[in-house]
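Just so you know, these numbers come straight off a predicted model, no measurement behind them. When reading the values below, keep in mind they use all heavy atoms of this one structure, side chains included, and skip hydrogens, waters and symmetry mates.
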Amino acid sequence: MESIQRPTAAASANAAAAAVGGGRERCGGFQMPLHYPRYTKAEYEAMPEWKLDCLLSQYGLPAIGDVEQKRKFAMGAFLWQY
């Protein structure tokens, strides 16, 4: 019969750190931002293209098309009608 050894605290901590850090490498490095963007429709309409590109890529969304298409996509993704 084989004996089963309990992992030490250091081994458990190393395994947890590897799971957290290693998961990002295997998943392409995407990490969901903690906060939902809180821009108004007027702010999206005045937002420069580079900022739209950054916002969309931060949430893992495609930033393709011209600036108007990106604005429309961002407003559709992030603005909710009540």
Which pairs count as salt bridge (charged side-chain N to carboxylate O under 4.0 Å, His left out) when at least one residue sits in residues 39-51, sequence neighbours excluded?
E49-K70
Do any pairs count as a salt bridge (charged side-chain N to carboxylate O under 4.0 Å, His left out) and have a residue in residues 55-66, sequence neighbours left out, and if so which ones?
none
Side chain to side chain contact (heavy atoms under 4.5 Å, CB included) against Y44, all qualifying residues, sequence neighbours excluded:
P37, Y39, M47, L52, L55, A74, M75, F78, L79
Tell me whether I64 shares a hydrophobic cluster with Y59, the cluster being built from Ile, Leu, Val, Met, Phe, Trp, Tyr side chains joined at under 4.5 Å.
no
Do L61 and W50 share a hydrophobic cluster, counting only Ile, Leu, Val, Met, Phe, Trp and Tyr and linking them when any side-chain heavy atoms are less than 4.5 Å apart?
no
